[in-house]
Amino acid sequence: MKKVPIFPLPNVVFFPRVVLPLHVFEPRYRQMTEDALAGEKLLAVALLRPGFEKDYYGNPPVHDTATIGRIEHHESLGEGRYNIALTGLERVRLVEGPRDEDTEKPYRTSWTVADPERVPPENSAVVSERQLRLQSLWSRLIMEIGVEEDDDSPIESDLSFEGLVNRIATSVALSAEEKQSLLELSDLVERAKALETTLQEQILYWSAIQRFRNLSPSDPRVN
């Protein structure tokens with residue numbers, strides 16, 4: 001078990017092998033970042049459970065499955081604020097552990113247990129097949145949406161299978177709870193399959209939207 005600071009967020013699900021940029025401005029999390037930078041630079045990002053709003057400034061419950069990241073870059077903005085970039089290291093479960101005698105910290109900490117994803121060998125047939133399919137579906141979706149070339153949605157071609165799956169899981173238009181469900185899938189191939197279904201559904205949706213646009217008159221006074 002390892003004890004790390006917890007950064008609970010309302011709309012962000014953090015995946016391994018993904019870089020997460022964050023702006024840190026709340027006093028308790030400014031202190032957390034300062035302490036992390038002085039130590040191992042580790043933070044666990046966990047999604048807040050629904051209904052957190054009524055106790056946001058307290059200790060609202062979070063999902064047990066989270067991801068530990070390391071602060072790879074940071075920028076001090078004055079008045080204790082930071083821009084940081086976390087690189088996802090591994091999936092963990094937040095668990096009960098020995099009672100902490102140090103209760104003076106303004107932020108939350110938790111014991112964590114490694115809960116690694118099941119990742120098939122990079123050169124296996126299933127990885128090659130799923131990787132090509134995901135890349136193709138993502139490119140098709142971007143084309144249907146009509147994203148500009150300078151947008152940050154293109155996926156790097158040299159990503160590992162884990163990096164590709166988790167990058168798409170981060171970028172795809174899903175609710176935070178839906179992304180949390182993806183994170184909780186231990187088998188990376190199963191996560192890839194779930195993403196394929198999602199991408200196919202979104203391609204059909206945007207394709208229908210595009211056909212509707214093509215049928216709409218260019219002059220709105222015409223109907």
Side-chain angles (χ1 to χ4, degrees), residues 1-24 29 32-49 59 61-74 82-98 100 105 107-124 126-127 130-131 134 155-156 158-172 174-195 198:
M1 289 197 304
K2 187 178 188 65
K3 193 163 194 178
V4 296
I6 301 298
F7 202 163
L9 294 172
N11 297 306
V12 174
V13 177
F14 188 30
F15 289 85
R17 311 294 167 250
V18 171
V19 176
L20 176 64
L22 293 169
H23 175 60
V24 183
Y29 299 131
M32 177 189 71
T33 302
E34 184 177 325
D35 291 349
L37 289 171
E40 296 183 274
K41 301 183 179 180
L42 299 179
L43 301 174
V45 175
L47 179 68
L48 288 162
R49 291 186 179 274
N59 292 306
V62 297
H63 286 275
D64 296 333
T65 300
T67 295
I68 285 183
R70 177 179 288 115
I71 302 175
E72 299 290 355
H73 304 284
H74 71 279
Y82 289 94
N83 283 334
I84 63 174
L86 283 178
T87 296
L89 300 180
E90 65 176 344
R91 200 179 69 153
V92 296
R93 283 185 297 109
L94 309 183
V95 297
E96 296 289 337
D100 190 356
K105 293 183 176 66
Y107 54 86
R108 298 161 69 172
T109 60
S110 176
W111 290 97
T112 64
V113 174
D115 189 17
E117 302 159 314
R118 292 195 294 275
V119 183
E122 276 296 309
N123 58 355
S124 64
V126 65
V127 163
R130 294 291 172 190
Q131 197 154 7
L134 276 175
I155 300 295
E156 298 87 339
D158 59 347
L159 288 176
S160 66
F161 181 60
E162 183 184 17
L164 175 69
V165 171
N166 289 344
R167 176 79 158 77
I168 292 177
T170 299
S171 302
V172 71
L174 289 172
S175 70
E177 286 294 326
E178 289 170 320
K179 291 186 179 185
Q180 180 68 29
S181 296
L182 289 173
L183 179 65
E184 292 173 4
L185 289 173
S186 299
D187 190 316
L188 204 65
V189 173
E190 292 303 312
R191 191 179 299 163
K193 289 179 181 178
L195 281 171
T198 295

For E122, is the CD atom crowded, meaning more than 12 foreign heavy atoms sit under 6.0 Å from it? yes
Is the side chain of R93 donor-acceptor paired with the backbone N or O of T65 at a distance under 3.5 Å, no angle test? no
For a quick test of reading the model, state the closest non-hydrogen atom pair linking L185 to A194 and the distance between them. CD1-CB, 4.3 Å
Checking R191 side chain against L183 main chain: does a donor-acceptor pair fall under 3.5 Å? yes
With sequence neighbours excluded, residues passing salt bridge (charged side-chain N to carboxylate O under 4.0 Å, His left out) with E90: none
Does the pair E117 and R17 meet the rule for a salt bridge (charged side-chain N to carboxylate O under 4.0 Å, His left out), with working shown? CA-CA 11 Å; E117 302 159 314; R17 311 294 167 250; over 6 Å; no
For L86, is there any backbone N or O sitting under 3.5 Å from a side-chain donor or acceptor partner on R70? no
Inspect the contact between D115 and R91 and indicate whether a charged nitrogen and a carboxylate oxygen are less than 4.0 angstrom apart. yes
Residues at least two apart in sequence or cross-chain that pass salt bridge (charged side-chain N to carboxylate O under 4.0 Å, His left out) with K41, listed by chain then number, are none
Given I71, L9, N83, the one that forms side-chain contact (heavy atoms from CB on, under 4.5 Å) with L22: L9
Quick check: are there more than 12 heavy atoms from other residues, nucleotides or ligands sitting under 6.0 Å from NE2 of H23? yes
Closer than 3.5 angstrom, by distance alone: can the side chain of K179 be matched with the main-chain N or O of V172 as a donor-acceptor pair? yes
